[in-house]
Every structure is written in C-alpha cells, then in structure tokens.
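One structure is given below, encoded as structure tokens.
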Amino acid sequence: MIQEDAAKAIKKILSVDDVPFNVPPKREFGDFSTAICLSQAKVQKRAPILIAEEVANKLRGVKLQYITEINITPPGYLNFKIDQPRYIKSVVDRVRKQGAEFGTSTVGRNRRVLVEHTNVNPNKAMHIGHLRNAIIGDTVVRTLRKLNYDVQACDYIDDTGVQVADVVVAMLYMDAPTYDGKSDDFSAIWAKYENNSDKISFDYWCWDIYSRVTQAFDADESLKARRAEVMHLIEAQDNPVAEFAKEVAAKIVHAHLATVSRLNVYYDLLNWESDIFLRGFWKTAFESLKAAGGIVFETQGPNAGCWVVKMGRGVHQTEDGVRSEDKVLVRSNGIVVYTGKDIAYQMWKFGVLGQDFLYNPWGMQDNGRQLWTTSNEGESCERFGRAQRVINVIDVRQSYLQQVVYDCLRKLGYTKEARNSIHLDYEVVVLSNAAAAELGVDVDAEEPGTQAMSGRKGVGVKADDLLDAMVGRLAEKVATQQNADVLAAAAVRYFMSRITTGKMIVFDFDEALRTTGDTGVYCQYAHARACSILAKAYPDGTAAAAPKRFAAPDRVTIPEQELVKKIAEYPAILKKAGKELSPAPLAHYAFELATVFTDYYETPDPDVDRQVPFIKIKDPKLRSYRLSLVDVFRQTMANCLDTLGIVALERI
RNA sequence: GCGCCUGUAGCUCAGUGGAUUAGAGCAUCUGACUUCGGAUCAGAGGGUCGGGGGUUCGAGUCCCUCCAGGCGCGCCA
C-alpha cells in the first residue's frame with residue numbers, strides 16, 4: 001500500500017515497469033528504500049546520484065501518503081521515511097476491518113484451477129513421504145483460494161494398479177484360508193484381518209502384508225503367477241475379485257482420508273483410475289493422438305509393435321546398443337501404459353477430452369465440505385474438470401513422465417493447455433540412518449547417510465505414527481486432548497512446510513518432534529499468548545472485544561514499528577506463496593511474525609528502564625494502543641496459520 | 001553418457017541482483033526483573049556461501065567450468 005504509492009510515482013518519473021524496494025541497513029537512512037536509480041544509470045548513462053537527486057526532487061513535489069521524508073545516500077539510493085503514527089493507524093484499521101480476509105486478494109480473478117495431490121496407492125498406510133505431498137498440495141489449494149482462484153482439490157486413486165493387486169494377492173492367497181478362485185463370498189478372507197492378533201487398523205495390516213507378499217514373490221513362483229492372474233481380473237473388472245479389490249481400495253482410501261483429516265487436509269473430488277478405464281477415456285485420447293499424428297506405430301527396432309510418442313533423440317545407437325528415448329504408450333500386447341491413461345486424464349482436467357466422469361457424493365468432511373467421487377453409476381455434473389490451469393503435485397522422480405503428458409497435449413494442438421500444465425515437483429522424504437535404525441533397518445546409526453523409504457520393504461515412518469508420537473510428546477503441557485491433536489498437526493505441517501520443495505527432507509525423529517525454536521509450536525504459542533493477554537485485558541469478552549476505534553499513537557517505539565511492518569507484509573507473502581506454489585514462504589513468515597511479536601511483548605519500549613505489562617498500563621490511550629497491536633498480530637497470525645492449514649489455538 | 005535437483009555455521013535450514021559486519025533455529029556455554037503464558041527471552045563462540053573463472057558500479061543470488069551427493073533416462077507406476 002504505502003510502497004505502492006511511491007512505486008507508482010517513481011514508475012511515472014522514470015518510465016520503468018517495476019520498482020523493487022528493500023530495507024536500508026541503517027534505520028537513520030529511512031524505513032524503506034530503492035536502488036532503482038543505480039540500475040537506471042546504465043540506461044541513462046548518467047551518474048546514479050544525479051538521477052536520484054532528480055527523482056527525489058520530483059517526488060517531493062508529489063503528495064505521497066505517509067511519507068514524511070525522502071533522502072539520498074551514495075551511490076544513489078532513494079530512502080523514504082514514513083509517518084509512523086499514521087501508518088500504524090492505517091495498518092491496524094485495515095486488519096481490523098478485513099479480519100479473516102486480511103491478506104487475501106483478487107489476483108486469481110476466479111480462474112479455475114485444478115490441484116491434484118496426495119495420490120497415494122490405496123494398498124497400505126500413508127507414510128511421511130505421502131504426507132509431504134498432501135501438505136504441499138493442501139497448502140497450495142488454501143493459498144490459491146485466498147487469492148481468489150476457483151480451486152478444485154482432487155485426489156487420484158490408482159485402484160487398478162499393481163500395488164493394489166499385490167495386497168489382494170496377499171489377502172487371497174498368502175495365508176490360509178485361501179480363496180477358492182470363484183466364490184463371491186469373501187467373509188473368510190476378511191476374517192483374517194478382523195481376527196488379527198494385534199487389532200491393528202486395516203491400513204497398518206496391509207502395510208505388513210504388502211511388504212511380506214512382495215518378498216514372497218521372489219521365492220514363490222505360484223504366488224507370483226497369482227499376481228498376473230489378479231492383475232488380469234482387476235483389468236477385466238466384471239468379476240468377484242475385481243469387486244473385492246475395489247472394496248479393499250475403498251477401505252484404504254477411508255483410512256487415508258482419516259489420516260490426512262488429522263492434519264486438516266480435505267478434497268473436493270476423488271478420481272478413481274477404474275473410472276477412467278470404465279468410461280473409456282483412453283480410447284478417446286488414443287483416437288485423437290492417432291488423428292493428430294502425435295503417436296506412431298513402430299514396425300521395427302526396439303519398440304516394434306508399440307505405439308510410441310517421439311521424444312528427444314528417438315531411437316539411436318549407443319555404446320550399449322540401440323536405445324530409445326521415445327515413450328511407449330501402447331505395449332506390443334495392446335495394453336496401454338499408465339502414462340497413456342494419464343494423457344487422457346490430463347485432457348479431462350482441461351475439459352478438452354470431450355468426455356466426462358459420472359459423480360456421486362462420497363460424504364461430508366470434518367471441515368463441512370462435501371466430498372465427491374467419480375463413479376461408474378453416478379450423475380453428470382459440470383463443476384469438475386474444465387480447468388484453465390492444472391497443478392499436479394507429484395514428486396520429482398516423475399518429471400520425465402509428466403513432460404511426456406504435457407508434450408502429448410502440445411502434439412494434439414492443445415498448446416495453451418500444455419502451457420498451463422504445471423508439474424509441482426518436490427523432492428522426496430528419506431530417513432536419516434538414525435531414524436532408519438530406530439525402525440529396525442540394519443544400518444549404522446552413527447554413520448551419516450540416508451535410507452530411502454520403501455513400501456515394498458515395509459520401511460518407512462507411518463503418518464499416523466508420527467502424529468501419535470508428537471501428541472505423546474505434547475500431552476503433558478497441554479490443556480486438553482483436542483489441543484494436543486491440533487498442536488501436533490501444527491508441528492507436523494510446519495515441519496514439512498518450512499523446507500523448500502526442491503530440497504530433500506532427511507527425516508530425523510529428534511528434529512521432527514522438536515517443540516522449541518523454529519517450529520509450529522512456537523507460532524501457536526505466540527498466538528495463544530496474544531489471545532491470553534487480550535482475554536485478561538478485556539475479561540468481559542473475548543479477543544473480539546478489543547477496542548474498535550483506534551487512535552494513532554503520539555510516539556512509536558522500534559518494536560512497535562517492526563511488528564506493524566511485519567504484519568503489513570502478509571498480503572505480499574501470500575501472493576509470493578501463490579506465485580511460487582510453495583508453503584515455505586508462509587512458514588518462514590509465520591515464524592518471523594511470531595518472533596517480532598515476542599520481541600514486542602518482551603520489550604515494547606526499549607527507552608524505558610522497566611517494561612510495564614500491557615494489561616497494567618495506566619494511561620488508557622497507551623494501553624489501548626498496545627493491546628490493539630496485540631489484537632492485529634493475533635488476527636494476522638491466525639490468518640497465516642489458516643493458510644498453512646493450521647488451526648490457531650487460543651490457549652494451549 | 002545425457003537431463004534435472006542439491007551443496008550457505010558442528011547439525012537442520014532461510015536468503016530467486018542491492019548497502020560497512022551473509023541471517024534463523026538446534027546443539028554448546030553464560031545469564032534473565034517480585035513475570036500480560038519460561039514451549040520464552042538476552043548474550044557469547046561458530047562462515048574460504050563446494051572450487052575456479054566471468055558479467056556488473058554491485059554476485060550467496062546471473063553466465064561458464066570443474067568437484068561432490070541425490071534423482072531420472074522401462075513394453076513399471
């Protein structure tokens with residue numbers, strides 16, 4: 001706001017497109033500054049200090065709100081001092097007026113964005129790698145909604161893949177009693193789970209049998225043969241085993257939704273791969289690709305008999321023989337690969353496939369939003385798909401395949417859609433050697449290094465286990481069980497959010513379970529402290545009872561200035577997070593905001609010998625002023641935490 | 001071999017061209033008022049920003065190159 005005025009004026013004077021501002025190294029220089037004259041020196045071929053003087057003189061002639069002084073420092077910085085009392089009043093009034101809306105903007109202009117995230121194979125419990133995906137995805141959804149995008153949050157469920165088939169094989173054939181191969185009565189099979197000695201949840205039980213069965217495949221050829229058979233039956237769909245597989249997948253999906261709801265993650269639509277298959281999406285896409293010449297049928301070479309997309313150098317000679325960079329979409333046996341279906345699905349997301357799913361309500365979520373699911377026997381509905389922009393949250397290892405999908409869109413002539421396809425790639429979560437050793441993996445915990453998580457080997461930290469461990473650690477100092485749950489979710493979400501998406505997370509229990517310093521707990525603590533102060537100051541009401549009319553202060557201290565400056569940054573941070581599609585700027589901001597607030601709380605006035613608690617201040621105007629800053633801090637922190645998917649606690 | 005990512009304090013990370021002295025947290029050490037929430041705060045030590053070139057008035061940030069680590073390059077997903 002305040003800088004925008006100055007930027008506008010400078011843009012006019014220098015006729016430039018953008019004016020970047022920053023903070024001067026010394027407070028005496030001013031409250032903010034710009035180096036625009038330095039970069040203009042090149043263009044104008046004049047000394048930057050001369051340009052700065054000229055701009056400063058012109059600016060002094062223009063009436064700029066809140067700016068009391070403009071000065072120049074070598075080699076050509078323009079520095080601005082602001083009228084702090086008036087500025088603070090404007091910020092406080094704005095936050096008070098906008099409340100929970102403070103920070104939002106209309107940059108999205110209702111543009112329809114589809115964000116797909118989580119996408120965990122429905123065959124075992126979620127682990128912390130999946131959690132990173134869900135947290136990044138959900139935070140991006142929340143951020144874009146606050147920027148006024150029309151966002152659909154989708155979770156893709158690969159219910160017809162090998163992973164589900166493996167668990168089905170494990171359930172049907174690994175332990176007695178085994179399935180007879182034709183019955184539609186699976187009660188004896190379900191009993192194996194229901195009677196499990198440890199009474200563990202279904203997703204945990206599957207975690208164990210999945211790793212057991214993948215290892216059993218190596219030794220047991222007959223079991224391996226069952227795998228191909230089950231795969232085939234699931235693909236054929238119309239049989240008891242396929243129905244059983246669907247039931248298993250649905251049960252796991254319920255478990256996953258329960259897990260992520262502990263972290264405040266919700267969706268609009270569940271997209272099932274079986275529906276993509278049943279609705280014949282691929283056939284449509286295949287015909288389009290053929291018609292557009294986007295794919296070719298190979299009659300010779302390594303891909304003979306396959307339909308392929310031409311990529312990179314294509315088929316070429318290497319030292320190791322003939323290799324192909326082309327991507328096979330239809331195998332020589334006529335079966336489409338996953339990427340093929342993904343092309344059709346991506347077309348659906350943009351509404352250019354010419355086909356749609358049918359839909360049914362799945363149920364109401366804890367946040368009060370209805371969740372929908374694609375369905376073979378549902379109703380048609382126009383509110384899904386048809387997006388202008390599609391964001392796929394998938395880890396970095398699938399970059400190549402995502403590019404193939406987008407490339408095919410381009411080959412089909414959907415260049416705009418290809419351009420608006422975003423692979424939000426993020427690095428994986430791995431275990432530190434110490435963490436792996438704690439899980440019983442045979443590694444030297446003293447040796448620095450990492451271990452990849454592996455569903456097949458059953459190596460990984462389950463999401464619910466991490467949350468439970470966090471709740472356990474917090475239990476002692478917390479008022480209620482519910483607060484422990486919320487605080488644990490805050491800790492875990494913050495932990496996953498603060499690391500930029502391009503960086504691998506090396507998971508370590510001590511680091512993840514920390515409750516001091518740069519953590520979600522610290523942010524919650526600052527917020528709860530503010531609420532507590534307000535509750536004591538205004539015992540007749542809640543924080544909402546804080547004074548509505550705000551009088552500009554006569555004098556402004558440094559901690560007050562710093563706090564207000566940080567609060568005023570929030571809208572820009574939200575925009576940045578939306579532009580970068582990353583939770584990290586929000587997490588860092590939340591911590592900085594908590595820090596400046598705590599500083600203000602500890603030492604509101606560095607010039608006096610003894611700090612007076614806000615609630616004990618005698619001067620009513622000063623008391624009201626200080627408490628108003630506490631209140632707008634409280635509001636801003638609550639808004640920021642909400643964007644991070646964290647419920648702000650009023651007490652801990 | 002080709003492509004992408006990462007390399008900043010003992011450890012975990014911020015910092016997507018701007019300011020003498022590169023910031024946080026953890027860990028370590030020393031402290032904290034008759035306390036509005038001590039899960040806090042103040043202070044101390046700790047850095048060739050992987051190495052080397054270059055562009056620029058100015059580089060942790062941009063370009064080139066080299067080194068180290070990770071991931072990808074399936075008729076798997």
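FYI, side chains are in, hydrogens and waters are out, and symmetry mates aren't considered; it's all heavy atoms of this structure. Throughout, protein chains are lettered first and strands after them, A, B, ... in sequence-line order, and every chain is numbered starting at 1. Treat the numbers as computed from the prediction; the structure is a model and nothing was measured.
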Legend entry - Nucleotide nearest A:L401 when distance is taken to its side chain, options B:C13, B:A77, B:G37: B:A77
Inset, instruction - Would you name the heavy atoms of A:Y625 and A:E560 that are closest together and state the gap between them? - result: OH-OE1, 2.8 Å
Legend entry - A:I615, nearest nucleotide to its side chain (from B:C75, B:C36, B:A77): B:C36
Inset, instruction - Answer yes or no for A:K341 and A:Y345: cation-pi contact, defined as NZ/CZ to six-membered ring centre under 6.0 Å and angle to ring axis within 45°. - result: no
Inset, instruction - Examine B:C36: is either OP1 or OP2 under 4.0 Å from a nitrogen or oxygen in the side chain of A:K536? Give yes or no. - result: no
Legend entry - Candidates B:C76, B:C13, B:C41 - which lies nearest the side chain of A:T598: B:C41
Legend entry - Heavy-atom donor-acceptor pair, A:T73 side-chain to B:A19 base, under 3.5 Å: yes
Legend entry - Below 4.0 Å: OP1/OP2 of B:G37 and any side-chain N or O of A:S532: yes
Legend entry - Whether A:Y601 stacks on the six-membered ring of B:C36 base, 5.5 Å and 30° limits: yes
Legend entry - From B:G38, B:G18, B:C33, nucleotide with atom closest to A:R610 side chain: B:C33
Inset, instruction - Verify the neighbour count for atom NZ of A:K579: are there more than 12 heavy atoms of other residues, nucleotides or ligands below 6.0 Å? - result: no
Inset, instruction - Report the nucleotide, chosen from B:A14, B:C75, B:A39, that has the shortest atom-to-atom distance to any side-chain atom of A:T500. - result: B:A14
Legend entry - Who pairs with B:C2 - Watson-Crick or G-U, where each distance is under 3.5 Å: B:G72
Inset, instruction - Determine, step by step, whether A:F286 and A:W307 satisfy the ring pair (Phe, Tyr, Trp, His ring centres under 6.0 Å) criterion, reporting the C-alpha distance in whole Å, the side-chain angles of both residues, the deciding distance to 0.1 Å, and the verdict. - result: CA-CA 10 Å; A:F286 188 35; A:W307 287 90; 5.4 Å; yes
Inset, instruction - Mark yes or no: A:R529 above the aromatic ring of A:Y601, with NZ or CZ under 6.0 Å from the six-membered ring centre and no more than 45 degrees from the axis. - result: yes
Inset, instruction - For the side chain of A:K503, starting at C-beta, report the closest nucleotide among B:G72, B:A39, B:G7. - result: B:G7
Inset, instruction - For the side chain of A:L38, starting at C-beta, report the closest nucleotide among B:G72, B:C57, B:G38. - result: B:C57
Legend entry - Nearest listed nucleotide, side chain of A:V478, among B:G18, B:A39, B:A19: B:A39
Inset, instruction - Ignoring backbone atoms, establish whether A:R331 has a side-chain N or O less than 4.0 Å from OP1 or OP2 of B:C76. - result: yes
Legend entry - A:Y338 vs B:A77: side-chain N/O to OP1/OP2 distance below 4.0 Å: no
Inset, instruction - Report the nucleotide, chosen from B:G37, B:C36, B:U12, that has the shortest atom-to-atom distance to any side-chain atom of A:R498. - result: B:U12
Legend entry - Polar pair under 3.5 Å, donor/acceptor by atom type, side chain A:S399, base B:C4: no
Inset, instruction - With the side chain of A:P613 defined as its heavy atoms from C-beta on, choose the nearest nucleotide among B:A19, B:C36, B:U6. - result: B:C36
Inset, instruction - Could you tell me whether the side chain of A:T519 and the main chain of A:Y522 form a donor-acceptor pair under 3.5 Å? - result: yes
Inset, instruction - Determine whether any donor atom in the side chain of A:T339 lies under 3.5 Å from an acceptor atom in the base of B:A77, or the reverse, and answer yes or no. - result: no
Legend entry - Partner nucleotide, any strand, of B:G31 [Watson-Crick/G-U, under 3.5 Å]: B:C41
Legend entry - Base paired to B:C49 (Watson-Crick or G-U; both N/O distances under 3.5 angstrom): none
Inset, instruction - Report yes or no: is the ring centroid of A:Y77 under 5.5 Å from the six-membered base ring centroid of B:A19, with the two planes under 30 degrees? - result: yes
